Novice: 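Supplied in structure tokens, the structure appears directly below.
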Amino acid sequence: MKGLFITFEGPEGGGKSTHAARLALRLRDLGYDVVATREPGGTPAGEAIRNVIQHDQRSANLSSETETLLFLASRAQLVRSIILPALKKGCCVICDRFTDSTIAYQGYGRGLDIQSLFRLNKFATGESVPDLTLLLDLDVKSGFMRLRERNRKNNAGHDRIERESMMFHEKVRRGYLKLAGKWPRRFRIIDAAQSMKQVEESIWAVVCKRLGRLSR
Ligand code: Z5A
């Protein structure tokens, strides 16, 4: 594939959305063709699924298996209609969450069988794997403090998964760190407790090393 596929991952409030957007801007300023997207969502069907998972009252009692399949349905559509076509054209694709979220949240967090989730991820993505995964790592308490502050400013509440226990989110964070240990070439851990500027520069330093094959 000609393009470059970068994913942002990590526990709540680490700054994924903020830094995915900043990275996209910075690359576009240099003339790179960038497609920025997110999970769940990124397509009309995916955004509808996002709403069902996060905010629809009827999803209050979703089983973990149902929740997993909804995330995978959103992903399957996103890969085929946005990610693969953009990579084939030689774009840089930046995705806010991807396959590792399913392993961290539904696997390590909810306790579903991790090998089955790897197989389901393969089915959903046709085996497209990110070239680089930036894990914005932050302790759970600090992440939730940031989210509370953001939600207060936006007058928003916590969504269904954000309302899970601290223990759940601790398991998710540990799960991510295990994944980063398993694929050290693909993952880069970014200390998200640093200032906004320091995080941005840490990300930039990592990304610059991977831009070689991308044309402007
Ligand atoms: N999920 C899943 O379970 N399984 C899956 O397969 C997939 C997803 C794909 C998606 O939620 C939920 O779906 C997510 C996982 C689950 N669940 N939870 N809980 P989402 O898309 O709505 O949100 P998120 O992906 O979890 O991101 P977030 O919690 O909204 O946070 P963030 O994107 O990492 O952070 P942010 O919005 O960029 O920053 C948060 C605030 O902190 C904001 O006010 C920033 O200005 C501030 N910030 C950011 N960086 C800094 C620094 N360095 N210093 C100070 N303040 C900062």
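Order of appearance sets the numbers: ligands from 1, and atoms from 1 within every ligand. As the structure is a computational prediction, the values presented were derived from the model and not from experiment. Side chains are part of it too, since the values below use all heavy atoms of this structure and drop only hydrogens, waters and symmetry mates.
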Novice: Examine the side chains of T7 and T133 and answer whether a donor and an acceptor come within less than 3.5 Å of each other.
Specialist: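 Distance-only check passes for T7 and T133.
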Novice: Can an N or O of K16 be found at a distance shorter than 3.5 Å from an N or O of ligand 1?
Specialist: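 Between K16 and ligand 1, an N or O pair is found under 3.5 Å apart.
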Novice: Answer yes or no on whether R75 is positioned over the face of F98, meaning its NZ or CZ is under 6.0 Å from the six-membered ring centre and within 45° of the axis.
Specialist: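 Yes, cation above the ring, under 6.0 Å and within 45°.
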Novice: Is the contact between L147 and ligand 1 made by the side chain, the backbone, both, or neither, using heavy atoms and a 4.0 Å cut-off?
Specialist: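 The side chain, only.
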Novice: S101 and E9: side-chain donor and acceptor closer than 3.5 Å?
Specialist: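 E9 and S101 do have a side-chain donor-acceptor pair below 3.5 Å.
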Novice: Regarding atom 49 (C) of ligand 1: of the candidates M196, E149, H19, which has the closest heavy atom?
Specialist: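 It is M196 that holds the nearest heavy atom.
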Novice: In the complex you have, is atom 23 (O) of ligand 1 within reach of the protein, judged by whether a heavy-atom distance drops under 4.0 Å?
Specialist: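 Not a single protein heavy atom is under 4.0 Å away.
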Novice: May I ask you to check if ligand 1 and Y105 share an N or O to N or O distance below 3.5 Å?
Specialist: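 No: no nitrogen or oxygen of Y105 is under 3.5 Å from one in ligand 1.
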Novice: If you look at every heavy atom in T99 and N121, which pair is closest and at what distance?
Specialist: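 Result for this residue pair: O-ND2, 3.2 Å.
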Novice: Kindly confirm or rule out an N or O of P11 lying under 3.5 angstrom from an N or O of ligand 1.
Specialist: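 For ligand 1, there is no N or O atom that lies under 3.5 Å from one belonging to P11.
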Novice: Side chains of S215 and Y32: do they bring a donor and an acceptor to under 3.5 Å?
Specialist: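 No, because no side-chain N or O of S215 sits under 3.5 Å from a partner of the opposite role on Y32.
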Novice: Ligand 1 versus R97, non-hydrogen atoms closer than 4.0 Å: side chain, backbone, both, neither?
Specialist: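 The answer is the side chain.
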Novice: Say whether S63 and T66, considering side chains only, have a donor N or O and an acceptor N or O under 3.5 Å apart.
Specialist: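 Yes, side-chain donor-acceptor contact under 3.5 Å.
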Novice: Going by distance only, is there an N or O of G13 that falls short of 3.5 Å from an N or O of ligand 1?
Specialist: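 Yes, G13 has an N/O under 3.5 Å of an N/O on ligand 1.
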Novice: Checking contacts here: is it the side chain or the backbone of S195 that comes within 4.0 Å of ligand 1, counting heavy atoms only? Could be both or neither.
Specialist: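 It is the backbone that touches ligand 1; the side chain stays farther off.
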Novice: Hey, is Q54 one of the residues with a heavy atom under 4.0 angstrom from ligand 1?
Specialist: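 True for this residue.
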Novice: Please work out whether any backbone atom (N, CA, C, O) or any side-chain heavy atom from C-beta onward of E164 is under 4.0 Å from ligand 1, and answer side chain, backbone, both or neither.
Specialist: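 The answer is neither; E164 stays 4.0 Å or more away.
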Novice: Would you check whether E67 reaches within less than 4.0 Å of ligand 1, judged by its heavy atoms?
Specialist: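 Under 4.0 Å: no for E67.
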Novice: Return yes or no for this condition: an N or O of D96 is under 3.5 Å from an N or O of ligand 1.
Specialist: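 Not met; the criterion fails.
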Novice: Would you check whether R50 has a nitrogen or oxygen atom less than 3.5 angstrom from a nitrogen or oxygen atom of ligand 1?
Specialist: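 Among all N and O atoms of R50, at least one is under 3.5 Å from an N or O of ligand 1.
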Novice: Decide whether an N or O pair under 3.5 Å exists between F71 and ligand 1.
Specialist: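 Looking only at distances, the answer is no, because the N/O contact criterion of under 3.5 Å is not met.
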